[in-house]
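Input: a single structure, listed below in structure tokens.
Both ligands and their constituent atoms are indexed starting at 1 by order of listing. We're numbering straight along the sequence, starting at 1.
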Amino acid sequence: MTARAPKAVSETGDALLLTPGPLTTSRAVKQVMVHDWGSRDADFIRINKAVRERITEIAGGQDGYVTVPLQGSGTFAVEAMLTTFVPRSGKVLLVVNGAYGHRAAKICAIAGRAYVVQETAEDTPPDLAKLEATLKADKSITHVFVVHCETTSGILNPISSVAEIAKRHGKRILVDSMSAFGALPIDAKQLGYDALAASSNKCLESIPGMGFIICRIAALEEAKGNATTLVLDLHDQWQAMEKTGQWRFTPPIHVIVSLHQAIEEFLAEGGVAGRGKRYADNCRILIDGMKALGFKPLLSDNLQAPIIVTFHMPTDPAFKFQEFYDRLKDRGYVIYPGKLTVADSFRIGCIGRLSADNMRGAVAAVREILKEMGVTRCAPAQAA
Ligand SMILES: *Cc1c(COP(=O)(O)O)cnc(C)c1O
């Protein structure tokens, strides 16, 4: 028997998270948190201000946009965005091809916002001709909501085309770029969105606990009084922060300090271009390696975002997912179960503090594990 590769570990000795977030972070991103800060103290206020300014710059929003941070996971930010920006008299068209689009519909239903869902299958991009026709026919629609990378499948949605169509019909644009912000180019000016939501623990590679919404200032001013809850009122959060530099309610201080460090590392890597390239390389190595073993990705290359890859579950009876998962974890690689309704699948992420060598190591571990499990056929049943 050949010697097995040593267990893969992160900078802090943990298993590597090949997941869509929370994800593997650097040692420094965790180490900077080993302090206490006063939430009303100048030191923290300065860090908070810097984080907000950097995020606005990363978004290309220096002229006319502002970043409003919010306590909670990414969904809190999406709910705050929808309920702050869509007025009670408004109506939002939701472009849906996965679980995060459906979640937006649930948010609108609970908040009492009128909405229409325009859905395609999880492996299918939005129908732009239908979008155009719907916006033309239904004059009561005020907003269009789209998910940038639908993390359910890993599909890259054509947000520029969606935004262009929405603008042509005079509709406002809201984007969930949670799993793409920081890795894929998204220029605020070019897209002209009213708001875009993302979070601390995805491509900016910090820890979980905070979302943020990049808001067009003129639209945020108009949004006063729209909110249905106090805590998710982005206009109020913004106004209070502008006046005092402080958060309205207890801030996730350690997350903000960690995110500040993560943004320093992000800029040192070359910003969106540098990080996007590392993720694209990770994704290429993963897909090529898994294909060579016989696995079939759900999406063709032109639809695949370099964030997370969905693979069809092999039908070889020797392949048992839980065993596969446990054996990979034992070698230091944590992968992600599938979330698709269209096919039985599992997912492997390319984001977080992961190198090309880490991805090659993961593929090598998969190869060894298949051998141990006696799996000979990794293709799904229907595949040619
Ligand atoms: C991660 C993610 C969210 C937010 O999920 P939380 O679990 O609330 O952090 C929203 N939309 C997309 C596309 C995501 O990938």
Subject >> Geometric cation-pi criterion Lys91 and Phe85, 6.0 Å radius, 45° cone >> reply: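 Relative to the ring axis of Phe85, which defines the angle, Lys91 lies outside at least one limit.
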**OP:** Using modelled atom types only, decide if a donor and an acceptor are shared between the side chain of Gln304 and the backbone of Cys283 within a distance under 3.5 Å.
**Re:**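 Flag not set: sc Gln304 to bb Cys283 has no pair under 3.5 Å.
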**OP:** Decide yes or no on salt bridge (Lys or Arg N to Asp or Glu O under 4.0 Å) for Glu11 and Lys30, but give the supporting numbers first.
**Re:** CA-CA 10 Å; Glu11 289 173 17; Lys30 294 181 281 280; over 6 Å; no
Subject >> Sole residue of Asn157, Ile307, Leu184 in side-chain contact (heavy atoms from CB on, under 4.5 Å) with His148 >> reply: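 One option only clears the test, and that one is Leu184.
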Which pairs of N or O atoms, one from ligand 1 and one from the protein, are separated by less than 3.5 Å, and what is the distance for each pair?
from	atom 1	to	atom 2	distance (Å)
ligand 1	8 (O)	Ser73	OG	2.5
ligand 1	8 (O)	Gly74	N	3.4
ligand 1	8 (O)	Thr75	N	2.8
ligand 1	8 (O)	Thr75	OG1	2.5
ligand 1	9 (O)	Gly74	N	3.0
ligand 1	11 (N)	Asp176	OD1	3.3
ligand 1	11 (N)	Asp176	OD2	2.6
ligand 1	15 (O)	Thr151	OG1	2.4
ligand 1	15 (O)	Lys202	NZ	2.7

Original post:
Quick one: which of Phe324, Tyr325, Tyr336 gives a ring-ring contact (aromatic ring centres under 6.0 Å, His included) with Phe346?
Top reply: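 Only match with Phe346 under ring-ring contact (aromatic ring centres under 6.0 Å, His included): Phe324.
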Original post:
When you look at CG of Asp63, are more than 12 heavy atoms from neighbouring residues, nucleotides or ligands closer to it than 6.0 Å?
Top reply: no
